[in-house]
Protein chains: 2
Amino acid sequence: MGSLTEENYIKTIYNLSLEPGEVSVSELAKKLSVKLPTVTSMIKKLSVKKMVSYAPYQGIKMTEKGKKEALSIIRKHRLAELFLVKILKLGWEEVHEIAEQLEHVNSDRFYNRIDELLGFPKADPHGEPIPDVNGKVVSQKSIPLSQANVGSSVKISAVTNDEKLFLDHLNSKGLQIGDQITVKKKEEFDGSVSIINKSRKETMLSHQVVEKIWVEL
Amino acid sequence: MGSLTEENYIKTIYNLSLEPGEVSVSELAKKLSVKLPTVTSMIKKLSVKKMVSYAPYQGIKMTEKGKKEALSIIRKHRLAELFLVKILKLGWEEVHEIAEQLEHVNSDRFYNRIDELLGFPKADPHGEPIPDVNGKVVSQKSIPLSQANVGSSVKISAVTNDEKLFLDHLNSKGLQIGDQITVKKKEEFDGSVSIINKSRKETMLSHQVVEKIWVEL
DNA sequence: AATAAATGTTAGATTAATCTAACATTTTAA
DNA sequence: TTAAAATGTTAGATTAATCTAACATTTATT
Ligand SMILES: [Mn+2]
Ligand SMILES: [Mn+2]
Ligand SMILES: [Mn+2]
Ligand SMILES: [Mn+2]
């Protein structure tokens with residue numbers, strides 16, 4: 001366990017490493033809202049601690065140690081989010097911010113009890129998988145809504161962004177995890193998608209939205 | 001809301017201010033495990049922020065603003081402790097440490113929901129009063145066990161220390177909040193007290209212990 | 001009242017995390 | 001294949017929170 005700041009870097013690097021391509025200093029700087037030299041200096045520190053491997057001008061790669069640490073933080077974050085929704089009855093759009101704080105609480109007893117209380121859940125309120133105590137993740141096979149075929153009926157399994165602004169948008173469209181929807185039309189021009197929602201109403205979703213909604217057949 | 005460090009100073013100053021006498025720099029330094037100059041420098045900062053009033057070589061006094069802030073942190077701490085015991089089924093001896101972290105979580109929604117879930121409780125697992133949303137505290141009229149008369153039958157209403165070492169000690173003696181006990185004998189020499197516990201067994205408690213157990217008649 | 005002990009303050013250094021300005025390397029595009 | 005743009009690094013400054021060493025004040029004890 002490093003400092004709160006170190007934990008945030010590790011978690012962010014891990015999340016970026018899941019996307020295709022190298023993890024770059026500028027990408028990290030953007031995500032963490034800090035300047036480039038701040039990242040360079042922190043990366044060096046994390047490199048000394050063997051959380052990442054790094055050589056100047058090369059990308060940033062996580063070590064096994066770093067991945068383990070990242071998964072532990074992500075586990076805490078997602079357990080916290082589900083707890084906030086299931087036990088404290090908060091909305092899925094407001095829990096991420098609180099989980100950003102709770103993920104840094106250092107107590108295995110605390111998180112294992114929450115896990116137990118929730119019945120050892122496999123996914124958080126946004127459909128993202130919750131790593132188990134050993135950092136093992138069970139990932140589902142699903143695709144972004146942007147890639148679903150016109151005419152297909154699919155189930156929303158996850159959203160890959162859990163910030164309030166995005167989720168408030170989905171709330172306003174009446175979309176939830178688990179909803180069965182049908183792809184009506186895909187616009188070539190801007191990548192937007194029209195769907196038929198649970199209540200048989202047609203709704204238009206922009207490209208930025210449909211690439212963040214994951215569905216299964 | 002200041003930094004985590006500032007919050008810890010404010011809470012500690014407030015707790016010390018409830019004991020008789022001035023709050024001194026050395027007392028604070030001891031409680032926070034920092035050196036004297038560290039305290040002097042932080043007090044100056046808190047003084048600029050109007051959380052305490054301070055003049056060199058005089059004691060430290062809290063302002064109304066500071067008290068309000070302290071009570072908010074203490075409310076969060078005690079709600080967290082009760083939540084950990086009641087909902088997560090942790091022991092009263094292990095919750096203080098976790099609450100030291102949770103008390104810094106910044107979310108009214110989070111704490112108000114916990115308050116609600118617990119039924120707007122009046123006391124934490126150690127019998128200490130929980131300030132309400134407005135910082136109002138309902139304190140009970142009780143006395144330290146060290147001052148109870150020989151022969152009197154009293155009920156344990158609170159303990160004024162919630163660290164593991166102390167509570168493990170009480171656990172080993174089988175003592176809990178709410179227990180009815182009888183004062184059998186008080187030793188003039190060392191201030192120790194013999195009591196008859198709930199299960200009619202006689203137990204000897206040292207002065208350091210009986211001054212931290214509060215009872216009502 | 002003088003001295004010693006305890007307590008508190010000031011000065012200056014250190015560490016973590018950040019910044020800006022200047023410089024270096026890599027990538028993209030004439 | 002050079003010039004420009006983008007990306008990354010180094011150097012040096014800043015702020016928060018801490019420390020040690022030296023000095024000042026207050027309190028206690030002869
Ligand atoms: Mn989240
Ligand atoms: Mn989530
Ligand atoms: Mn406590
Ligand atoms: Mn308590």
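Letters go in sequence order (proteins before strands), and every chain restarts at 1.
Distance CD1 (Ile60(A)) to C1' (dT7(D)): 12 Å, rounded to an integer number of Å. In this structure, the CG atom of Leu28(B) is 10 Å from the P atom of dG8(C), given to the nearest Å. Regarding Met42(A), its CE atom lies at a distance of 14 Å from the C1' atom of dC19(C), rounded to whole Å. dT15(C) atom P lies 22 Å from atom CG of Leu4(A), rounded to whole Å. Atom-to-atom, CD of Glu6(B) to C1' of dT18(D) comes out at 14 Å; the value is rounded to the nearest Å. Counting to the nearest Å, the C1' atom of dG8(C) and the CD atom of Glu27(B) are 14 Å from each other. Nucleotide dG8(D) holds its P atom 12 Å from the NZ atom of Lys30(A), rounded to whole Å. Between Lys35(A) atom NZ and dA16(C) atom C1' there is a gap of 20 Å when expressed in whole angstrom units.
Residue pairs meeting the side chain to side chain donor-acceptor pair (under 3.5 Å) criterion with at least one member in residues 108-124 of chain A, sequence neighbours excluded, are Arg75(A)-Asn112(A), Arg75(A)-Asp115(A), Arg109(A)-Glu94(B).
Lys11(B) is linked by a side chain to side chain donor-acceptor pair (under 3.5 Å) to Glu100(B), Glu103(B), counting only residues two or more places apart in sequence or in another chain. Every side chain to side chain donor-acceptor pair (under 3.5 Å) that Lys184(B) has, sequence neighbours left out, goes to Glu202(B). Partners of Lys49(A) by side chain to side chain donor-acceptor pair (under 3.5 Å), not counting sequence neighbours, listed by chain and number: Glu6(A). Annotation: side-chain contact (heavy atoms from CB on, under 4.5 Å) contacts of Ser24(B) (sequence neighbours excluded): Ser26(B), Glu27(B). Residues meeting the ring-ring contact (aromatic ring centres under 6.0 Å, His included) test with His96(B), sequence neighbours left out: His77(B).
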Can you give each donor-acceptor pair under 3.5 Å made by side-chain atoms of residues 84-91 of chain A, sequence neighbours left out, with the distance rounded to 0.1 Å?
residue  : atom : partner  : partner atom : Å
Lys89(A) : NZ   : Lys86(A) : O            : 3.1

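Side-chain atoms of Leu79(A) and Phe110(A), non-hydrogen and from C-beta on, never get closer than 4.5 Å to each other.
When the side-chain nitrogen and oxygen atoms of Ser3(A) are compared with OP1 and OP2 of dA16(C), none of them lie within a distance under 4.0 Å.
Within a 6.0 Å radius of NZ in Lys173(A), more than 12 heavy atoms belonging to other residues, nucleotides or ligands are found.
A heavy-atom distance below 4.0 Å to DNA chain D is reached by none of the residues of residues 7-22 of chain A.
Residue contacts shown for Ser26(B) are limited to sugar-phosphate atoms, with no base heavy atom under 4.0 Å away.
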Got a list of protein N/O to nucleotides 9-11 of chain C N/O distances below 3.5 Å?
residue : atom : partner  : partner atom : Å
dT9(C)  : OP1  : Tyr54(B) : OH           : 2.4
dT9(C)  : OP1  : Tyr57(B) : N            : 3.1
dT9(C)  : OP2  : Thr40(B) : OG1          : 3.0
dT10(C) : OP2  : Lys44(B) : NZ           : 2.3

